[in-house]
Amino acid sequence: KLSPDLVTLRTDRHKVKQVLVNLLGNALKFTPSGTVTLQAEMVRPKMVALAVSDTGIGIAEADQTVIFDDFRQVDNTPRRAYGGTGLGLSICRRLTMMLRGSISVQSQLGRGSTFTVTLPTVLRK
């Protein structure tokens with residue numbers, strides 16, 4: 001879903017692609033049934049927000065503070081159902097920072113999550 005006031009985003013497309021592939025992959029992995037959406041909109045002058053939302057399993061509030069850390073997962077037990085290394089979101093955070101942006105999460109356990117990446121519309125070196 002694209003906002004009608006969206007402008008051209010001039011940035012490192014490879015980094016943005018990696019972030020979106022990771023966020024969309026996670027949303028699909030943690031949404032056994034339901035929906036996953038990608039939304040892009042202008043949030044303030046010269047800033048765009050890319051939001052990946054799902055109706056999946058969600059993340060408890062206490063866990064939301066650590067999910068962007070290296071090798072951190074909500075379920076660290078050896079039998080965890082979803083796999084992974086716990087690096088995906090930390091890589092997203094690093095790439096987003098390299099693009100002079102920010103990443104955040106809003107989630108409710110059992111109701112889904114929204115990861116929002118806010119980026120400048122023009123990447124200045």
Side-chain angles (χ1 to χ4, degrees):
K1 180 176 167 183
L2 298 177
S3 171
D5 63 342
L6 197 61
V7 298
T8 301
L9 179 62
R10 291 193 175 104
T11 189
D12 184 327
R13 68 182 175 149
H14 299 292
K15 287 181 179 73
V16 172
K17 178 182 176 183
Q18 182 63 44
V19 169
L20 289 177
V21 164
N22 190 301
L23 293 178
L24 288 165
N26 280 354
L28 292 168
K29 178 169 54 170
F30 293 107
T31 307
S33 64
T35 61
V36 173
T37 60
L38 170 62
Q39 182 174 351
E41 66 179 330
M42 295 300 297
V43 289
R44 50 187 187 261
K46 300 185 180 182
M47 295 296 284
V48 64
L50 306 170
V52 175
S53 300
D54 66 63
T55 57
I57 63 171
I59 304 163
E61 189 173 342
D63 293 324
Q64 292 174 31
T65 61
V66 298
I67 58 171
F68 294 104
D69 295 344
D70 293 347
F71 301 107
R72 290 299 294 261
Q73 295 176 320
V74 172
D75 181 2
N76 281 323
T77 65
R79 299 177 310 187
R80 67 180 184 267
Y82 296 99
T85 61
L87 285 173
L89 290 174
S90 68
I91 291 170
C92 286
R93 181 182 53 142
R94 283 193 177 105
L95 292 172
T96 300
M97 290 171 61
M98 292 169 107
L99 296 169
R100 310 253 192 299
S102 63
I103 187 169
S104 62
V105 63
Q106 290 185 313
S107 186
Q108 268 189 295
L109 196 56
R111 303 195 102 193
S113 304
T114 298
F115 285 84
T116 303
V117 175
T118 305
L119 300 171
T121 56
V122 178
L123 180 61
R124 300 187 194 282
K125 296 189 182 207

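The structure displayed is predicted, hence computed values, not measured ones.
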For the atom pair [atom1] ([X]) and [atom2] ([Y]), what is the distance rounded to the nearest 0.5 Å?
X	Y	atom1	atom2	result
Ile103	Leu89	CD1	CG	6.5 Å
Gln108	Ser113	CD	OG	9.5 Å
Ile57	Lys29	CD1	NZ	9.5 Å
Thr11	Met98	OG1	CE	11.5 Å
Thr35	Leu28	OG1	CG	10.5 Å
Thr116	Gln106	OG1	CD	6.5 Å

4.5 Å side-chain heavy-atom contact, [X] and [Y]:
X	Y	value
Phe30	Asp54	no
Phe115	Asn26	no
Met42	Thr121	yes

Nearest non-hydrogen partners of Ser104 and Phe68, listed with the distance: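 Closest heavy-atom pair between Ser104 and Phe68: C-CZ, 4.3 Å.
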
Closest non-hydrogen atom pair, Gly88 against Asn22: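 For Gly88 versus Asn22, the nearest heavy atoms are CA-ND2, 3.1 Å.
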
Verify the cluster assignment for [X] and [Y]: are they in a single hydrophobic cluster under the rule of side-chain heavy atoms below 4.5 Å apart?
X	Y	answer
Val105	Leu24	yes
Leu50	Ile91	yes
Met97	Val16	no

Results of side-chain contact (heavy atoms from CB on, under 4.5 Å) for Val43 - residues two or more places apart only: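 If we apply the side-chain contact (heavy atoms from CB on, under 4.5 Å) test to Val43, skipping adjacent residues, the hits are Glu41, Met47, Ala49, Thr118.
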
Gly112 backbone acceptor or donor facing Ser107 side chain under 3.5 Å: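 Yes, because the side chain of Ser107 sits within donor-acceptor range (under 3.5 Å) of the backbone of Gly112.
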
Short side-chain to backbone donor-acceptor contact, Gln64 and Ile59, under 3.5 Å: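 Yes: the side chain of Gln64 pairs with the backbone of Ile59.
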
